[in-house]
Amino acid sequence: MNMQRREFLIVAAVVAAVATPVSGQTGGVASTPDFSGIWVHPTLPGFEPPLSGPGPVRNRSRTPNGVSNFNQLVGDYTNPILKPEAAEVVKKKGELSLAGVTYPSPANQCWPEPVPFIFKNFGMMMIQRSQEVMILYDEGPDVRHVRMNQPHPAKMTPSWYGDSVGHYEGDTLVIDTVGTRTDRPFPMLDLYGTPYTKALHVVERYRLIDYEAAQEGLQRDAKENQRVPGDLDPAYRGKFLQVTFTVEDEGVFTMPWTATITYRPARDPWQETICAENTHEYYYNKESDVPTASKPDF
């Protein structure tokens with residue numbers, strides 16, 4: 001695999017040209033919250049666990065500082081949310097990682113990343129339109145299209161990111177996703193290899209919160225994940241964008257579970273990571289063992 005990083009300046013006029021105004025912003029009608037712009041969450045490898053209640057699979061391997069060790073992705077297969085078959089999948093992935101093997105995932109194999117796996121991306125850009133919300137992620141290209149104020153179709157064709165429909169509840173954007181493809185390589189919900197089935201159902205709730213309210217989520221994040229240097233303004237005291245998501249899948253989990261991602265506005269220009277198939281393994285910094293034809297004996 002080869003990651004080539006390209007930087008693009010996002011010009012406000014361009015965004016305005018592709019985004020039609022959302023309804024209900026004048027005339028005394030309740031306004032639609034504005035989540036447009038570029039948001040970042042520069043931590044790895046996982047989600048922000050909830051303060052209490054069922055939460056995501058977490059890393060059993062920790063750094064000396066006590067946070068998740070991104071170099072060893074050893075999912076906690078004893079998490080009570082996992083059914084036995086799913087726990088065994090997570091356990092085997094962890095054993096590979098402990099043995100020094102980087103097992104394939106949608107991220108390192110350049111495949112579309114399902115929800116909530118896709119939240120591992122550092123950067124996200126949201127474009128709100130009256131009939132659709134577009135969410136772009138900085139690694140990929142990964143783009144989600146959320147149809148607004150529409151139901152899921154009665155007959156659904158499974159897709160890479162699933163069928164996402166959304167609506168506003170006051171200051172909150174609610175996105176409901178079902179129909180994520182399972183007949184695909186590397187079907188997993190997180191970097192620990194947690195599987196999913198056709199029953200996967202994810203509900204996301206996005207809302208703007210102030211600096212004080214964001215600290216709780218940021219502190220949970222700091223206790224769990226490694227922070228990547230850069231693109232953070234320590235003096236920033238404005239609004240943050242937090243998504244609380246709930247995952248249920250009766251084929252994998254014993255109960256629904258929740259987690260959060262707390263985004264802040266990006267300080268740097270949009271950085272897009274283009275993932276393309278290549279014989280060079282960027283995560284090992286070596287060439288892949290690709291079969292070659294034998295040399296003729298003459």
Side-chain angles (χ1 to χ4, degrees), residues 1 44-47 54-60 68 70 72-97 99 101-121 124 135 137 139-146 152-153 155-165 175-204 243 245-259 261 273 275-277 281 283 288:
M1 303 299 160
L44 284 169
F47 316 126
V57 172
R58 298 168 65 180
N59 200 348
R60 294 168 66 98
S68 178
F70 184 61
Q72 283 189 334
L73 299 174
V74 187
D76 184 6
Y77 54 87
T78 67
N79 189 322
I81 66 170
L82 295 173
K83 288 189 172 182
E85 297 83 359
E88 188 63 24
V89 171
V90 173
K91 182 179 180 181
K92 288 181 177 179
K93 289 287 195 296
E95 291 171 348
L96 287 173
S97 191
V101 177
T102 301
Y103 51 80
S105 74
N108 62 32
Q109 299 299 306
C110 301
W111 282 81
E113 300 172 1
V115 181
F117 187 104
I118 204 167
F119 294 147
K120 67 165 283 295
N121 286 272
M124 179 269 285
I135 306 178
Y137 298 89
E139 182 179 301
D142 279 309
V143 181
R144 297 174 60 198
H145 298 269
V146 181
H152 293 296
K155 293 185 178 181
M156 188 181 308
T157 301
S159 58
W160 296 117
Y161 307 108
D163 184 74
S164 295
V165 296
I175 299 176
D176 188 287
T177 300
V178 295
T180 303
R181 285 185 61 172
T182 57
D183 59 334
R184 52 159 294 164
F186 326 117
M188 56 183 70
L189 296 180
D190 54 33
L191 285 167
Y192 309 114
T194 304
Y196 65 89
T197 71
K198 295 178 180 179
L200 176 65
H201 179 205
V202 183
V203 177
E204 306 154 68
V243 53
F245 59 95
T246 301
V247 179
E248 56 183 346
D249 185 334
E250 61 184 11
V252 172
F253 303 117
T254 60
M255 65 192 82
W257 56 270
T258 63
I261 297 290
T273 302
C275 190
E277 294 183 318
E281 298 179 0
Y283 40 86
S288 298

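Just so it is clear, the structure is predicted and the values come from calculations on it, not from any experiment. Atom set for the values below is all heavy atoms of this structure, side chains included, hydrogens, waters and symmetry mates excluded.
Atom NE2 in H152 sits 5.5 Å away from atom NE2 in H201 (nearest 0.5 Å). Considering OH of Y196 and CZ of R181, their distance stands at 8.5 Å, rounded to 0.5 Å. Rounding to the nearest 0.5 angstrom, the gap separating the CZ atom in R60 from the OG atom in S68 is 12.5 Å. Summarising the geometry, atom CG belonging to N79 is positioned 9.0 Å from atom CZ belonging to R58; distances are rounded to the nearest 0.5 Å. One distance of note links CG of N59 with CZ of F70; it measures 10.0 Å at 0.5 Å rounding. Here the CZ-CG distance, from F253 to L82, works out to 6.5 Å after rounding to the nearest 0.5 Å.
When side chains are defined from C-beta on, L189 counts as touching L200, because their heavy atoms get closer than 4.5 Å. A 4.5 Å side-chain heavy-atom check between I261 and M124 finds every atom pair outside the cut-off. Side-chain contact between K198 and P158: absent, with no pair of heavy atoms (C-beta onward) separated by less than 4.5 Å. Contact check for Y161 versus D142: side-chain heavy atoms found under the 4.5 Å cut-off. Side-chain contact between P56 and D190 is absent, with no heavy-atom pair separated by less than 4.5 Å. Using a 4.5 Å heavy-atom cutoff, the side chains of Y137 and F119 are in contact. With contacts defined as side-chain heavy-atom distances shorter than 4.5 Å, the pair I81/P54 qualifies. By the 4.5 Å heavy-atom criterion applied to side chains, Q109 and P185 are not counted as neighbours.
Between the R184 side chain and the P112 main chain, a donor and an acceptor come within less than 3.5 Å of each other. Side-chain atoms of N121 come within 3.5 Å of backbone atoms of E139 as a donor-acceptor pair (strictly under, hydrogens ignored). Judged purely by atom type and a 3.5 angstrom limit, D249 uses its side chain to pair as donor or acceptor with the backbone of T197. Here the side chain of T254 pairs a donor or acceptor atom with the backbone of P80 at under 3.5 angstrom.
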>> With side-chain contact (heavy atoms from CB on, under 4.5 Å) as the criterion, how do I175 and V115 come out once you've worked through the C-alpha distance, each side chain's angles and the decisive distance to 0.1 Å?
In response: CA-CA 11 Å; I175 299 176; V115 181; over 6 Å; no
>> Please determine whether side-chain contact (heavy atoms from CB on, under 4.5 Å) holds for the pair L73 and Y103, giving the CA-CA distance in whole Å, both sets of side-chain angles, and the decisive distance to 0.1 Å.
In response: CA-CA 10 Å; L73 299 174; Y103 51 80; 3.4 Å; yes
>> What verdict does the side-chain contact (heavy atoms from CB on, under 4.5 Å) test give for Y192 and Y77, after you've listed the backbone C-alpha separation in whole Å, the side-chain angles of each residue and the deciding distance to 0.1 Å?
In response: CA-CA 9 Å; Y192 309 114; Y77 54 87; over 6 Å; no
>> Between F117 and F186, is the side-chain contact (heavy atoms from CB on, under 4.5 Å) condition met? List the steps.
In response: CA-CA 11 Å; F117 187 104; F186 326 117; over 6 Å; no
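Closest non-hydrogen pair, D163 versus S159, comes out as N-OG, 4.1 Å. Residue P116 comes nearest to F245 through the heavy atom pair CB-CE1, 3.7 Å, listed as atom of the first residue, atom of the second, then distance. In plain terms, the two heavy atoms of K120 and L44 that are nearest each other are O-CD2, 4.2 Å.
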Identify all side-chain donor-acceptor contacts of residues 83-94 below 3.5 Å with residues at least two apart in sequence or on another chain.
{"unit_1": "K83", "atom_1": "NZ", "unit_2": "E250", "atom_2": "O", "d": "2.5"}

